[in-house]
Amino acid sequence: MSADALAAFGYELGVLKRIRRSGWWQAGVRDPESVGEHSLRTAQLAALLAAEEGASPERAAFLALWHDTQETRTGDLPHSAAPYLRKPAPREITADQTAGLPPASRSLVRSAVDEYETRSSAEALCAKDADKLEMLLQALEYRDVGVQRVDEWIESARKGLTTETARKVAEAALTLSPLSWRGR
């Protein structure tokens, strides 16, 4: 085992707490959430969606935890940057990130990213839906505090949902105030 490699990767993962979700700047958000904050709620939502869909909540949450770790190397690139940049595939970045890890850890991370990217399981579908649902909830929260240009994020999220549970949660979120959770 290489404790040095695991420690170095741990430091790299800490960068996710400082990288901001940059697409929100285009909507007028001054201080958007970090990739780490986004990933936490995505993992929590993935577990809930998986529980309702009859999949493994633990596995879905695990896949969601790894879904944006590549952004330690690329930053969070908004969709508007796509025509100008060639962003390496997440599996390519993950392979580079994990090259120095001990075999068990390397395999663990690579297989999680591969499963998420290929949507090869019910848990991966729930994790991807959780990513979209988290974006939708965040857009609604930003709109609730006065950010006006979030409709395209809401529509993009809604269109990308595949599970019945996620679609129902999205519709419910659209009818509730982001502060409605208080007192429930």
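Here the structure is a predicted model, which means the values were calculated and not measured. Residues: numbered from 1 along the sequence shown.
- Distance check, rounded to the nearest 0.5 Å: CG of L63 to SG of C126 gives 10.0 Å.
- Q148 places a side-chain N or O within donor-acceptor distance of the main-chain N or O of G146, the cut-off being under 3.5 Å.
- Taking 4.0 Å as the cut-off between side-chain N and carboxylate O, R41 and E141 count as a salt-bridged pair.
- Among E33, Q138, E134, the one residue that satisfies the side chain to side chain donor-acceptor pair (under 3.5 Å) test with H38 is E134.
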Exercise. Please test L16 against D68 for side-chain contact (heavy atoms from CB on, under 4.5 Å), starting from the C-alpha separation and ending with a verdict.
Key: CA-CA 9 Å; L16 296 173; D68 276 341; 5.5 Å; no

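- For R86, the salt bridge (charged side-chain N to carboxylate O under 4.0 Å, His left out) test picks out E92, with sequence neighbours left out.
- Residues S34 and R18 form no side-chain contact, since every pair of their non-hydrogen atoms from C-beta on lies 4.5 Å or further apart.
- Between the side chains of T94 and R110, not a single donor N or O lies within less than 3.5 Å of an accepting N or O.
- The shortest distance between side-chain heavy atoms of W153 and Y142 does not fall below 4.5 Å.
- Contact of the D31 side chain with the R20 side chain is registered, since non-hydrogen atoms from C-beta on lie closer than 4.5 Å.
- Two residues are said to be in side-chain contact when any heavy atoms from C-beta on lie closer than 4.5 Å; Y116 and E123 fail this criterion.
- Here the side chains of L137 and L45 are in contact, with some heavy-atom distance below 4.5 Å.
- Electrostatic pairing of E12 and R73 counts as a salt bridge here, judged by a charged N lying under 4.0 Å from a carboxylate O.
- Between atom CE of residue M135 and atom CG of residue L140 there is a gap of 10.5 Å, rounded to the nearest 0.5 Å.
- Inspection of the D129 and T162 side chains reveals an N or O donor paired with an N or O acceptor under 3.5 Å.
- Put simply, the side chain of E71 does not reach to within 4.5 Å of the side chain of I93, judged on heavy atoms.
- Applying the salt bridge (charged side-chain N to carboxylate O under 4.0 Å, His left out) criterion to E171, with sequence neighbours excluded, gives R158.
- A continuous path of hydrophobic side-chain contacts links L108 to F9 [ILVMFWY only; heavy atoms under 4.5 Å].
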